Amino acid sequence: MKVRFAPSPTGHLHIGGVRTALFNYLFVKNQGGQFILRIEDTDLSRSSREMAEEILEGLRWLGMNWDEGPIYQSDHFEKYRETAYRLLEQGKAYRCFCTPAEIEARKNSLENDGEKIYKYDRLCLNLTSEQIQQKLREKTPYVIRFFIPTGKTYFKDAIHKEMETDNSELEDFTLLKSDNSPTYHLSVVIDDCDMGITHVIRGDDHLSNTFKQILLFKALGLNPPKFAHLPLILGPDKKKLSKRHGETSILEFKKNGYLPETLVNFLSQLSWLPADSKKIFTMEELVKQFSLNKLSKSSPVFDYDKLRFLNGRIIQQKEAKDLYKLLAETQPFMDEYNEFPETKKINLIDLVKPRMKTLADFEAKFNIYLKGELNYQNNDLDKLNETHSNTDMKRYLKELLVKLGNLNESRFGSAEIEAELRACAAENNIDAACLIHPARFALTAEAVSPSIFDVFAFFGKEESIRRINRFIDYLEKNNG
RNA sequence: GGCCCGUUCGUCUAUCGGUUAGGACAUAGGAUUUUCAAUCCUAUAAGAGGAGUUCGACUCUCCUACGGGCUACCA
């Protein structure tokens, strides 16, 4: 068995394309076959090598390694041309000298039986050989059109079941453009055949095209592969998710701090439900249980909430040292922390990771915990003031400083600090919260943090005291 | 306009003629906690509408509505 993922490098690799690649991958690995990567760059003017590279990078990042390729269609132009001319000689295709403008005009104006014409009217099919020779001598540009035979075309789609159309619905589509380059239909059919593709798994947007391609396969005396058309992913607005939806390039997700496992798990749950909806699966586990006929036919909507949820869960499950590596690889802000010891950074990651939804979320924490960028003027302080006056905070924090001062640097651990703090609260006849909340804000300038005692321990005695004093100074300078 | 595909909680989905229509995300409440997150518990919430077939339909058929796709010398 062989499948291919065949993106065209005319834009970024978007999430829909990734899903198509993933389902191809899961299917063929489950079957023990090969996954081939083919770059459909027949439209030279719109394709670029940079985009192709980006597609490869995206697939690699997600862990979908291909067994063959990348194969570039632009390397096979000669073959496509030959095939088109062979069909021409066999009378299965014909030259068309009409310009796009002429065809457009006829489609718009001509009506027979009050019906609007929506197909090419086969004007050039009736050209005599003299007329054709004349046009060729005049060097009139032409395209080669496929002649759609009469009859009906059937195929069985793995997801949509039986498909059928009357060939009269189909247009004599172009095989070879006037610049001698092939159209998509020609190149896919030839390549799918040459590469021995057994299953074509692609988006629903190709469902109608399939009839044309089957006719082409048959005209060439070839057996069409099996087809499976995946429902298209919709954006939150229920429109097809595509480049139009903004930053949907897969690498954008990487940049924004999503993990490959997140995308793979999330995407695998679109149109399919891997056994346990609670579990996070590895690629291997997904491969094991994948089956094409368990896919749903309807279009799923892309849900960012769920994506974030999954990403947060996966971050939590990761070891801090692995997260450190991932951060270093994907998040440029990490460069600003080169002078900090690695163990310190890993400790911080361990401390804050339960609250992180994306790798990018770590940046704010690094700022606060390592760089010490404390901006006291924020809403959190206002909220804090609702229950803790500045005067009280100052007083209690000073008491706390005394207690902390008694602690030996070597005994500055979470449990010891908690004991000291609670003792301090008891002596002053106040709730521990009256110390904890101001302390949290003094250390982080935030109302939310990991366990405050762990935060103390992370900073160590010296830095903890420094930060508290800094906050006290701030309070003294601002409204006493 | 024509042809095609689709339609179960707000979202992703389970069910493959007989279920109190299940789970997950989100939302709300509770437990826990120093805060938040996490975790655990609970709640809210669905078969587009209409005909048929059947003892019985979310499941099969048809119609309508809605959504999407295709209708290029783009893929």
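None of these values were measured; they are calculated from a predicted model. A, B, ... follow the sequence lines: proteins, then strands. Residue 1 opens every chain.
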Item to complete: Check salt bridge (charged side-chain N to carboxylate O under 4.0 Å, His left out) between A:E162 and all other residues, then give those that pass, not counting sequence neighbours.
Response: none

Worksheet item: Which residue pairs satisfy the ring-ring contact (aromatic ring centres under 6.0 Å, His included) criterion with at least one member in residues 438-458 of chain A, sequence neighbours excluded?
Response: A:F441-A:F471

Worksheet entry | Contacts of type salt bridge (charged side-chain N to carboxylate O under 4.0 Å, His left out), residue A:D380, not counting sequence neighbours | none

Worksheet, complete the sentence: A:L232 has its side chain closest, among B:G69, B:G6, B:C70, to B:G69

Discussion item. With rounding to the closest Å, how many angstrom separate the P atoms on B:G2 and B:A72?
Written reply: 16 Å

Worksheet entry | Nucleotide forming a Watson-Crick or wobble pair with B:G1, both distances under 3.5 Å | B:U71

Discussion item. Under 6.0 Å from the ring centre and within 45 degrees of the ring axis: does the NZ or CZ of A:R81 meet both conditions for the six-membered ring of A:F77?
Written reply: no

Worksheet entry | B:A38 and B:G29, which share atom name P, separated by this distance in whole Å | 15 Å

Fill in: Rounded distance in Å - NZ (A:K212) to C1' (B:C3)
11 Å

Practice prompt. Identify the two heavy atoms, one from A:L397 and one from A:A442, that lie closest to each other, and give their separation to 0.1 Å.
Written response: CD1-CB, 4.4 Å

Fill in: Separation of B:C73 P from A:Y142 OH (nearest whole Å)
16 Å

Worksheet item: Looking only at atom C1', what distance separates B:U19 and B:C25, rounded to whole Å?
Response: 24 Å

Response to the item:
In short, salt bridge (Lys or Arg N to Asp or Glu O under 4.0 Å) pairs touching residues 419-434 of chain A with sequence neighbours left out are A:K403-A:E427, A:E418-A:R422

Item to complete: Using Watson-Crick or G-U wobble geometry with both distances below 3.5 Å, tell me the partner of B:G52, or none.
Response: B:C60

Practice prompt. Give one of base, sugar-phosphate or nothing for A:A447, where a contact means two heavy atoms less than 4.0 Å apart.
Written response: base

Fill in: Strand partner of B:A21, provided both Watson-Crick or wobble distances fall under 3.5 Å
none

Discussion item. So, using salt bridge (charged side-chain N to carboxylate O under 4.0 Å, His left out) as the criterion, who are the partners of A:E40 when residues are at least two apart?
Written reply: A:R38

Fill in: Residue list, side chain to side chain contact (heavy atoms under 4.5 Å, CB included) with A:I159, at least two apart or on another chain
A:D157, A:A228, A:L230, A:L295, A:K297

Fill in: Separation of the P atoms in B:C5 and B:C62, to the nearest angstrom
11 Å

Worksheet entry | For A:L22 against A:V264, the heavy-atom pair lying closest together | CD2-O, 3.7 Å

Worksheet item: Starting at NZ of A:K177 and ending at P of B:A72, how long is that distance when rounded to a whole Å?
Response: 14 Å

Worksheet item: Taking N and O atoms by type only, does the side chain of A:S451 place a donor or acceptor under 3.5 Å from a partner on the base of B:U33?
Response: no

Worksheet, complete the sentence: Whole-Å distance, A:K161 NZ to B:C5 C1', equals 10 Å

Fill in: Pairs where residues 449-461 of chain A contributes a residue and the test salt bridge (Lys or Arg N to Asp or Glu O under 4.0 Å) is met, not counting sequence neighbours
none

Practice prompt. Flag yes if more than 12 heavy atoms outside A:K226 fall under 6.0 Å of its NZ atom; otherwise flag no.
Written response: no

Item to complete: For B:C74 versus B:G68, give the span between their P atoms, rounded off to a whole number of Å.
Response: 26 Å

Discussion item. Just the rounded figure in Å: distance from P of B:U35 to CD1 of A:I368.
Written reply: 19 Å

Worksheet item: Rounded to the nearest Å, what distance is computed from the OH atom of residue A:Y184 to the P atom of nucleotide B:C70?
Response: 11 Å

Fill in: A:D179 CG - B:A72 C1' separation (whole Å)
14 Å

Pick out the pairs of N or O atoms, protein on one side and nucleotides 37-40 of chain B on the other, that lie under 3.5 Å.
{"unit_1": "B:A37", "atom_1": "O2'", "unit_2": "A:P354", "atom_2": "O", "d": "3.0"}
{"unit_1": "B:A38", "atom_1": "O2'", "unit_2": "A:Q316", "atom_2": "OE1", "d": "3.4"}

Worksheet entry | Options B:A75, B:C70, B:U71, nucleotide nearest the side-chain atoms of A:Y118 | B:U71

Fill in: With A:P100 via side chain to side chain contact (heavy atoms under 4.5 Å, CB included) - residues at least two apart
none

Item to complete: Provide the closest heavy-atom pair for A:L44 versus A:S74 in the form atom of the first, atom of the second, distance.
Response: CD1-CB, 4.3 Å

Item to complete: Determine, using ring centers only, whether A:F155 and A:F211 are less than 6.0 Å apart.
Response: yes

Discussion item. Between A:P450 and A:I159, which residue's closest nucleotide on RNA chain B lies nearer the 5′ terminus?
Written reply: A:I159

Worksheet item: Side-chain donor or acceptor of A:S178 under 3.5 Å from a matching atom on the base of B:C73?
Response: yes

Worksheet entry | Closest nucleotide among B:A75, B:C4, B:A72 to the A:L207 side chain | B:C4

Fill in: salt bridge (charged side-chain N to carboxylate O under 4.0 Å, His left out) partners for A:R467, two or more places apart
A:E463

Practice prompt. Determine which nucleotide pairs with B:U32, using a 3.5 Å limit on both distances of a Watson-Crick or G-U wobble pair.
Written response: none

Worksheet item: Can you tell which of B:C4, B:A75, B:G6 lies closest to the side chain of A:H206?
Response: B:A75

Worksheet item: Base, sugar-phosphate, or nothing for A:S47, non-hydrogen atoms under 4.0 angstrom?
Response: nothing

Worksheet item: Given that both distances must come in under 3.5 Å, which nucleotide forms a Watson-Crick or G-U wobble pair with B:U7?
Response: B:A65

Discussion item. Mind checking if A:R145 touches a base, just sugar-phosphate, or nothing, with heavy atoms under 4.0 Å?
Written reply: sugar-phosphate

Worksheet item: Base, sugar-phosphate, or nothing for A:C98, non-hydrogen atoms under 4.0 angstrom?
Response: base

Worksheet item: Of the residues in residues 414-432 of chain A, which ones touch RNA chain B at a heavy-atom distance under 4.0 Å?
Response: A:R422

Worksheet item: If we take the P atom in both B:G52 and B:C58, what is their distance in whole Å?
Response: 15 Å

Worksheet item: Taking the same atom, C1', in B:A57 and in B:U11, what whole-Å distance lies between them?
Response: 26 Å

Item to complete: Determine the interatomic distance between C1' on B:A46 and the same-named atom on B:U13; round to the nearest Å.
Response: 12 Å

Worksheet item: Just by protein heavy atoms under 4.0 Å, how would nucleotides 10-16 of chain B read 5' to 3' in B, S and -?
Response: -SBS---

Worksheet entry | Under 3.5 Å on both distances, the Watson-Crick or G-U partner of B:A43 | B:U27

Item to complete: Could you state the atom-to-atom distance from CZ of A:R106 to P of B:A72 in whole Å?
Response: 14 Å

